[in-house]
Amino acid sequence: MDYNFHEIEKKWQKYWEDNNTFKTPEDLTNPRKCYILDMFPYPSGAGLHVGHPEGYTATDIFSRYKRMKGFNVLHPMGWDAFGLPAEQYAIQTGTHPSITTRNNCDTFRRQIKELGLSYDWEKEINTTDPKYFKWTQWIFIRLYNTWFDDKLQKGRPISELIIPNGIKKKEKVKYINSRRLAYYDNASVWWCPHCCTVCANEEVLNDGSHEKCGNRVEKRNLKQWMLRIPLYAERLLKGIDKLDWPEGIKDMQRNWIGRSTGAEVDFRIEGLNINLTVFTTRPDTLFGATYMVIAPEHPLIGSITTDEYKNSVNNYIKATSLKSDLDRTDLAKEKTGVFTGRYAINPVNRKQIPIWVADYVLTGYGTGAIMAVPAHDTRDFEFAQKFNLPIVCIQDPDVADPDQKKRILEGNECWTEDGKYINSSDKTTGIDINGLNKAAGVAQITRWLESKNLGTSKVNYKIRDWLFSRQRYWGEPFPVIHWEDGEVTVMNDDDLPLELPELENYLPGESGESPLSNSDEWLNITDKTGRKGRRETNTMPQWAGSCWYYLRFIDPKNDKLIFDKEKEKYWMPVDLYIGGAEHAVLHLLYSRFWHKVLFDLGIVSTDEPYQRLFNQGMILAFAYETESGSRVSGELVDEREGKYFQKETGAELKQIVAKMSKSLKNVVNPDDVTSKYGADSLRLYEMFMGPLDVTKPWDEKGVKGVFGFLGRAFRFLSNPENVFVGEEDAEILKGLHQTIKKVGWDIENLHFNTAISAMMIFLNLSTKKGKITTDTACTFTQILSPFAPHIAEELWQILGNNKTLAYEPWPDFNEEYLKEDSFNYPVSFNGKMRFNIELPVSLTKEEIIKIVLADERSQKWIGAAIPSNIIVVPNRIVNIVIKG
RNA sequence: GCCCGGAUGGUGGAAUGGUAGACACGCAGGACUUAAAAUCCUGUGACCAUUACGGUUGUGCGGGUUCAAGUCCCGCUCCGGGUACCA
């Protein structure tokens with residue numbers, strides 16, 4: 001019988017749909033549950049690309065396998081459908097984004113269904129659906145009404161916030177607002193003039209361009225919604241350790257949070273009654289602090305600067321404010337700065353040190369001021385050299401090179417590693433750390449500072465408040481009203497959702513107002529007392545919907561609650577979460593943050609949302625370049641003897657591997673692959689290409705390979721002449737059970753490429769033998785089914801079964817069949833393999849040595865010499881060591 | 001600069017410290033066919049032999065540990081990802 005994949009795939013997709021085969025079990029008593037989640041896609045107008053099915057197939061195989069293992073499986077799909085493209089399209093054509101979104105979702109759903117993925121479509125969600133974003137708004141209200149109790153390291157309802165005595169009524173609101181997890185305030189934010197919206201720091205690329213559109217961004221001062229994610233820094237950091245995530249991703253999150261320990265130290269300012277507080281990770285180097293630097297935006301800059309230096313400092317501030325952040329942070333640029341005319345007192349030795357202003361000190365980190373230790377900090381060293389500030393070495397460096405040592409001791413080279421302190425004592429203050437090493441020095445100085453009330457140990461984090469508003473139309477509206485008397489209120493839960501108004505004009509205002517401000521009717525509101533208010537016109541960023549979608553999947557149609565508590569308790573946490581590494585930090589960190597808040601409020605039962613995470617690698621594609629660098633589409637290329645030529649001109653081309661993109665003319669459309677080879681082949685190829693987590697190039701020739709395998713499998717197993725009832729051949733039986741064992745183990749570890757290879761080996765064995773039993777055929781079909789479900793269902797039916805194999809128990813392997821009575825020993829001499837010898841496994845080491853040495857082939861390698869050592873590793877290797 | 005990851009045939013890739021190159025692609029030869037496609041069979045790291053059931057060499061480079069290293073350790077090179085004046 002021919003392998004007619006078109007017919008087979010259509011037939012079984014219809015069967016699964018008609019029978020609701022993959023409906024999530026309602027019964028919550030089965031203790032074996034598995035929540036398997038994909039990072040849901042943004043449904044773009046372009047439809048699916050071959051990168052999508054990679055992760056989806058992986059989770060699908062895992063889901064099908066777990067169902068066969070007897071687990072209750074939750075495996076849903078949905079749409080992260082808010083976002084700019086639909087809005088841009090609305091601006092151009094007037095089509096409402098909801099229409100564009102619906103069409104795109106329809107395309108995605110159709111394409112996904114054609115891949116035979118076993119989602120429970122009753123659980124489908126869409127972030128743009130008011131029934132969904134009602135709850136996104138509901139969570140925002142929770143964030144707004146939560147404060148973080150630092151002592152308990154826990155978020156608590158704002159009603160439990162203790163207001164310090166003596167706070168006046170007006171100050172009280174301010175105080176409360178200063179503690180909310182969500183707050184509204186002026187912020188210096190990145191503004192993209194092209195998109196007319198702000199963007200988060202994370203959305204600005206290294207070169208200062210907007211990630212979404214590629215245009216240059218600029219700073220603006222605007223009123224924005226922010227989330228106090230840094231309050232959860234410690235929790236987010238500690239939580240990482242327990243997670244079964246790739247170490248690389250964990251490190252990225254740790255780096256992003258950026259915890260550093262050190263001390264805050266107060267410096268008295270000469271001639272003023274104020275202190276300048278700095279943060280340092282190296283309080284031990286206080287004796288080497290020869291000057292101080294404050295950021296140009298430092299609040300004390302006005303008071304510190306002396307009259308004489310006002311002009312130059314003001315000019316400097318003006319100059320830096322004109323610089324973009326990009327210019328300021330460009331390391332290649334020379335450091336700049338000016339003297340303020342003022343001096344501070346170094347607390348350890350009472351020495352006067354000058355205070356400078358320089359933009360290499362950032363206002364947003366630490367206290368926005370530093371003590372500069374040029375001898376032991378490369379940035380300070382650079383600055384001191386340029387401005388001829390003193391460089392005092394206070395550590396005898398641990399280096400062997402005497403020349404280098406001399407340079408360091410003389411202050412001509414910077415030393416940031418460990419060493420023994422010198423010049424680090426003072427009689428008047430009574431402190432002395434000379435001779436100590438770094439760890440001891442840090443501890444002693446910190447203790448001394450704390451005892452003298454001059455400083456405290458302190459932990460700082462790089463992570464900043466999360467800019468949470470966008471000047472867009474197509475996003476979740478904030479359930480917030482700004483009243484004419486200045487009060488800000490959030491809506492009642494009962495009044496949610498706050499839906500988006502219909503608009504004629506989707507263009508954002510250049511002033512930083514979202515298109516929502518165009519709708520007067522929606523915008524203006526009056527309360528019972530006649531007080532006028534205006535709705536918040538910003539909308540939430542795209543992250544909002546994806547921050548918690550995994551929770552809604554549990555109970556997507558619940559219109560009373562965000563989800564049923566019992567269901568949440570049963571299904572959470574997500575057992576396997578697969579998606580691209582591009583979300584390593586942002587989505588996963590934001591999502592963890594929200595989850596922890598919900599956990600603190602008792603809304604969810606787990607502290608972390610995603611127990612096991614895996615990142616699939618990107619799929620690249622070959623592209624062809626002419627000598628001049630222009631790109632040639634793959635169809636216009638001839639391959640001859642491993643070289644590539646342009647069909648038209650005959651010119652030789654260079655083959656490169658690159659991201660799929662329109663400009664490279666190397667995009668592969670999954671629909672084309674499916675129509676040519678079928679969904680099972682596409683699935684199998686995506687898994688067979690290589691390990692799931694690495695980037696790998698798409699090669700259509702590889703699809704042919706797995707297509708051939710499926711064809712052979714189908715022709716062999718569907719032919720009654722090959723399948724018989726009776727006793728199975730021992731070799732086949734052994735091969736089958738090896739395959740069961742390997743495939744099961746590989747699926748658990750997401751090693752799909754080697755699982756497929758094992759099945760190929762078994763099929764090759766079977767076809768060589770010519771005949772297998774019906775039992776063997778059925779078992780093989782079962783283990784193939786998670787990978788290539790359509791063909792497996794068809795074969796299952798041909799083999800005489802009458803219902804879906806989706807819930808057939810996964811076959812067990814029998815160790816008995818795997819046992820060998822002999823082993824083909826490789827025999828090596830001095831580690832070099834020379835020949836093989838088949839020996840019974842029951843032999844002792846001595847017996848093995850005897851037989852091997854007696855073998856004539858051994859004589860050739862031993863000759864007249866005497867073996868000095870013979871290593872026998874049972875069932876592995878024999879190694880004979882000969883000296884001389 | 002710092003943090004991660006990687007480098008294995010013509011290609012994608014296999015290998016709990018134990019026979020490097022499984023499996024697949026490609027290529028070559030053969031069968032079937034009027035022919036092609038499809039399918040099936042055989043061979044295929046390189047080099048040297050080809051009288052062999054032969055030998056040499058080989059996992060980015062240089063050292064080391066070990067009876068034995070693609071795998072472990074030290075020092076590099078190159079490539080990819082993240083991050084960056086974070087005190």
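Labels below follow one simple rule: chain letters A, B, ... track the order of the sequence lines, proteins then strands, and each chain is numbered from 1. Everything quoted here is computed from the prediction, not taken from an experiment.
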Distances under 3.5 Å between protein N/O atoms and the N/O atoms of nucleotides 71-79 of chain B, please, pair by pair.
none

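- When heavy atoms are screened at a 4.0 angstrom cut-off, A/G248 is found touching the sugar-phosphate backbone but no base atom.
- Of the candidate nucleotides B/G55, B/C3, B/C25, B/C25 has the atom lying nearest to any side-chain atom of A/K701.
- Taking the salt bridge (charged side-chain N to carboxylate O under 4.0 Å, His left out) definition, one finds that A/K704 meets it with nothing, sequence neighbours left out.
- For the P atoms, the distance linking B/U56 with B/G9 amounts to 22 Å, nearest Å.
- Annotation: B/G70 and B/C61 have their C1' atoms spaced 15 Å apart (nearest Å).
- Residue A/K832 places at least one side-chain N or O closer than 4.0 Å to OP1 or OP2 of B/U57.
- Under the 3.5 Å distance criterion, the side-chain polar atoms of A/K696 are left unmatched by any main-chain donor or acceptor of A/A621.
- Side-chain atoms of A/I877 lie closest to B/G18 of the nucleotides B/C4, B/G18, B/C85.
- Here, B/A15 and B/A22 have their C1' atoms 8 Å apart, quoted to the whole Å.
- Classification of the A/F829-A/F835 ring pair by plane angle, with boundaries at 30° and 60°, yields tilted.
- Contacts of A/R254 with the nucleic acid, taken as non-hydrogen atoms under 4.0 Å apart, are absent.
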Checklist entry - Please, what dot-bracket string fits RNA chain B when only Watson-Crick and G-U pairs with both distances under 3.5 Å count, crossing ones use [ ] and pairs to another strand use |? => result (((((((..(((.....[....)))((((((.......))))))((((.....))))..(((((..]....))))))))))))....
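- Within 4.0 Å (heavy atoms only), A/W245 reaches no atom of the nucleic acid at all.
- Only the P atoms considered, B/U44 is 43 Å distant from B/G82, to the nearest whole Å.
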Restricting to nitrogen or oxygen on both sides, can you table the protein-nucleotides 41-46 of chain B pairs closer than 3.5 Å?
none

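- The side chain of A/D359 has B/C85 as its nearest neighbour among B/C4, B/C85, B/U57.
- The side chain of A/N764 lies closest to B/C23, out of B/C23, B/G26, B/U19.
- Within 90° of 0 lies the glycosidic angle of B/G9, which makes this nucleotide syn.
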Checklist entry - Could you walk me through whether A/Y360 and A/D380 pass the side chain to side chain donor-acceptor pair (under 3.5 Å) check? => result CA-CA 9 Å; A/Y360 82 90; A/D380 298 342; 2.7 Å; yes
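- Spacing between B/G18 and B/U66 at atom C1', rounded to whole Å, works out to 12 Å.
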Next on the checklist: Run A/T277 and A/D266 through side chain to side chain donor-acceptor pair (under 3.5 Å) and show every step you take.
Outcome noted: CA-CA 4 Å; A/T277 306; A/D266 292 334; 2.8 Å; yes
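- Nucleic acid contact class of A/N836 (heavy atoms, under 4.0 Å, all strands): base.
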Show each protein N/O and nucleotides 62-69 of chain B N/O combination with a separation under 3.5 Å, one pair to a line.
{"residue": "B/C67", "atom": "O2'", "partner": "A/N879", "partner atom": "ND2", "Å": "3.0"}
{"residue": "B/C67", "atom": "O2", "partner": "A/N879", "partner atom": "ND2", "Å": "2.8"}

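- Side-chain rings of A/F762 and A/F780 approach one another, their centers coming within less than 6.0 Å.
- Among the nucleotides B/A87, B/C85, B/C40, the one closest to the side chain of A/R715 is B/C40.
- No cation-pi contact links A/K335 to A/F383, judged by a cut-off of 6.0 Å to the six-membered ring centre and 45° from its axis.
- A/F614 and A/W245 have their aromatic ring centers separated by at least 6.0 angstrom.
- Nucleotides B/A69 and B/G58 place their P atoms 12 Å apart, quoted to the nearest Å.
- The aromatic rings of A/F707 and A/Y3 lie tilted to each other, with the angle between the two planes from 30° to 60°.
- For the side chain to side chain contact (heavy atoms under 4.5 Å, CB included) criterion with A/L276, the lone passing option out of A/I370, A/I294, A/T367 is A/I294.
- Under a cut-off of 6.0 angstrom, the local environment of NZ in A/K659 is sparse, with at most 12 non-hydrogen atoms contributed by other residues, nucleotides or ligands.
- Using a 4.0 Å heavy-atom criterion, one finds that A/K860 contacts the sugar-phosphate atoms exclusively.
- Side chain of A/Y685 to backbone of A/D680: no donor-acceptor contact under 3.5 angstrom is found.
- On the C1' atoms, B/G55 is 8 Å away from B/A49, given to the nearest whole Å.
- Counting non-hydrogen atoms under 4.0 angstrom, A/S868 reaches nothing in the nucleic acid.
- Picking from B/C85, B/U56, B/A24 the nucleotide with the shortest atom distance to the side chain of A/M760 gives B/A24.
- Rounded to the nearest Å, the gap between the P atom of B/G63 and that of B/G45 is 28 Å.
- Judged as a side-chain hydrogen bond (donor to acceptor under 3.5 Å, both in side chains), and not counting sequence neighbours, A/E846 has no contacts.
- Set against B/U56, B/A20, B/A24, the side chain of A/F688 has B/A24 as its closest nucleotide.
- A/N753 comes within contact range of the sugar-phosphate backbone alone, with a heavy-atom separation under 4.0 Å but no base atom that close.
- Side-chain atoms of A/W861 lie closest to B/G55 of the nucleotides B/A14, B/G55, B/G13.
- Between A/R834 and B/U56 there is a side-chain polar atom (N or O) within less than 4.0 angstrom of OP1 or OP2.
- At B/A87, one or more side-chain N or O atoms of A/S260 fall inside 4.0 Å of OP1 or OP2 (strictly under the cut-off).
- Residue contacts for A/I370: at a heavy-atom cut-off of 4.0 Å it reaches a base atom on one of the strands shown.
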